[in-house]
Q: 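Please find one structure pasted underneath; my questions will follow.
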Amino acid sequence: SILGWIATALFGLAALILTVLALREAAAFARMARIDALRARATQAHDLTHARAVLADLKSLYKPRPESAWGLSRLNDQAADIFDADALLALAERELMAPLDKAALTEVETAARQVATVTALVPMALADVAMALYANLRMIRRLSQIYGGRSSTLGNLALLRRVFTALLGAGAIALVDDLIGSVASGGILAKLSRRFGEGVVNGALTTRVGLAAMEACRPLPFKALEKPGTTATTSRALAGLLARAKPDPS
């Protein structure tokens, strides 16, 4: 009957959509696993053979991306003359990771600024919570894409869980100290209104999450390049907001 054919067609369409979604999620998890494995191998690559194998996989990961063409070209020009594993991986980090780190930090600062601004200026209940959740999920998705991952719902949630696990593993005391340094430097917190103070704290927390996500998404650990700090990153992100919050000296 016609209804039977329609039901069959709808069932087939639904099955096709679910299959496509499942394949997309599987590809995202596979990409995430590839980056994790590459980072682990880079950490353990203490001889030239293993370092060159890591370098080859890095080139394969970033070769399709036009924005990495310049770094890959410089890497190819210099790598042949390097016969030390640590120096080779340091070169790869400087040439390939530096521009990606810059883009990633821009995303982190943008998210922190959005969260802090909404918290400080929007008095609606739970608006800051909703904005923080949205901004953090979006930030983590963008960081994964910047470093070579694939965007997917389950993949982003899994990455978010790993980020918070890493934050907890770093220790609550270290996290609190980091945030206090971000928001209380120079006694600035005492000069802010309550809402602005909450905005700074929420912005600093978003920054901390973003920096942890950078480490989780990055295919190379921070060695040759300095790891970004929460205090400096939060200060850059919230510079305009803090300027608005300072009392008029007159």
Side-chain angles (χ1 to χ4, degrees), residues 23-111 138-152 154-156 158-163 165-167 169-170 209-229 233:
L23 291 174
R24 179 183 176 186
E25 295 291 341
F29 277 103
R31 191 84 164 187
M32 188 184 304
R34 179 185 179 188
I35 290 176
D36 288 344
L38 188 55
R39 184 171 56 253
R41 289 169 51 210
T43 303
Q44 301 170 2
H46 302 304
D47 61 82
L48 192 58
T49 300
H50 288 92
R52 283 176 173 169
V54 169
L55 188 63
D57 285 347
L58 277 172
K59 291 179 181 179
S60 175
L61 180 64
Y62 291 117
K63 186 176 181 180
R65 302 178 59 168
E67 64 270 25
S68 297
W70 174 249
L72 285 170
S73 176
R74 287 176 54 85
L75 182 59
N76 289 328
D77 290 342
Q78 302 176 55
D81 299 326
I82 297 178
F83 299 95
D84 177 77
D86 291 338
L88 187 62
L89 292 177
L91 174 65
E93 186 179 359
R94 287 192 298 268
E95 297 298 340
L96 295 180
M97 294 296 102
L100 301 183
D101 290 342
K102 183 178 179 180
L105 279 175
T106 298
E107 292 291 336
V108 173
E109 291 171 12
T110 298
R138 181 184 181 278
M139 173 183 67
I140 288 175
R141 175 177 61 83
R142 285 290 301 129
L143 294 179
S144 177
Q145 292 173 337
I146 286 172
Y147 286 112
R150 295 185 183 275
S151 176
S152 74
L154 294 179
N156 291 338
L159 186 56
L160 180 63
R161 178 180 61 81
R162 290 171 52 195
V163 167
T165 299
L167 287 176
V209 171
L211 297 183
M214 284 178 61
E215 291 189 71
C217 296
R218 212 173 183 261
L220 290 178
F222 281 100
K223 287 188 176 181
L225 300 178
E226 183 179 0
K227 181 163 59 174
T233 306

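Model, not experiment: these values are computed from the prediction.
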Q: What pairs with E215 under side-chain hydrogen bond (donor to acceptor under 3.5 Å, both in side chains), at least two apart in sequence or on another chain?
A: none
Q: How far does CD1 of I35 sit from OG of S144, to the nearest 0.5 angstrom?
A: 6.0 Å
Q: Rounded to the nearest 0.5 Å, what separates atom CZ in R138 from atom CD1 in I140?
A: 12.5 Å
Q: Show me the donor-acceptor pairs, under 3.5 Å and distance only, between side chains in residues 78-86 and residues at least two apart or in other chains.
A:
| from | atom 1 | to | atom 2 | distance (Å) |
| --- | --- | --- | --- | --- |
| Q78 | NE2 | R74 | O | 3.4 |
| D84 | OD2 | D86 | N | 3.2 |
| D84 | OD2 | A87 | N | 2.9 |

Q: Between atom CZ of R39 and atom CG of L58, what is the distance when rounded to the nearest 0.5 Å?
A: 11.5 Å
Q: Can you list the residues that meet the side-chain hydrogen bond (donor to acceptor under 3.5 Å, both in side chains) rule with R94, with sequence neighbours excluded?
A: none
Q: Closest heavy-atom contact between S60 and P64?
A: O-CD, 3.6 Å
Q: Can you name the closest pair of heavy atoms from A45 and V54 and give their distance?
A: CB-CG2, 4.4 Å
Q: Please evaluate residues E67 and Y62 with respect to the criterion side chain to side chain contact (heavy atoms under 4.5 Å, CB included), reporting the C-alpha separation (whole Å), side-chain torsions for both, the decisive distance (0.1 Å), and the verdict.
A: CA-CA 9 Å; E67 64 270 25; Y62 291 117; over 6 Å; no
Q: Pair up each side-chain donor or acceptor in residues 219-226 with any protein partner under 3.5 Å, not counting sequence neighbours, and list the distances.
A:
none

Q: Tell me, please, which residues at least two apart from D47 pass side-chain hydrogen bond (donor to acceptor under 3.5 Å, both in side chains).
A: H50
Q: Measure across L100 and R65 and return the closest heavy-atom pair with its distance rounded to 0.1 Å.
A: CD2-NH2, 4.2 Å
Q: Rounded to the nearest 0.5 Å, what separation is found between the NZ atom of K59 and the CG atom of D57?
A: 11.0 Å
Q: Heavy-atom distance under 4.5 Å between the side chains of R142 and T110, does that happen here?
A: no
Q: Test side chain to side chain contact (heavy atoms under 4.5 Å, CB included) on R218 and D101 and set out the steps.
A: CA-CA 9 Å; R218 212 173 183 261; D101 290 342; 2.8 Å; yes
Q: Restricting to side-chain contact (heavy atoms from CB on, under 4.5 Å), what partner residues turn up for T233, sequence neighbours left out?
A: L105, V108, E109, T207, L211, P228, R236
Q: Checking side chain to side chain contact (heavy atoms under 4.5 Å, CB included) for the pair L55/L91: CA distance, chi angles, key distance, verdict?
A: CA-CA 10 Å; L55 188 63; L91 174 65; over 6 Å; no
Q: Going from CD on E107 to CG on L143, what distance comes out if it is rounded to the nearest 0.5 angstrom?
A: 6.5 Å
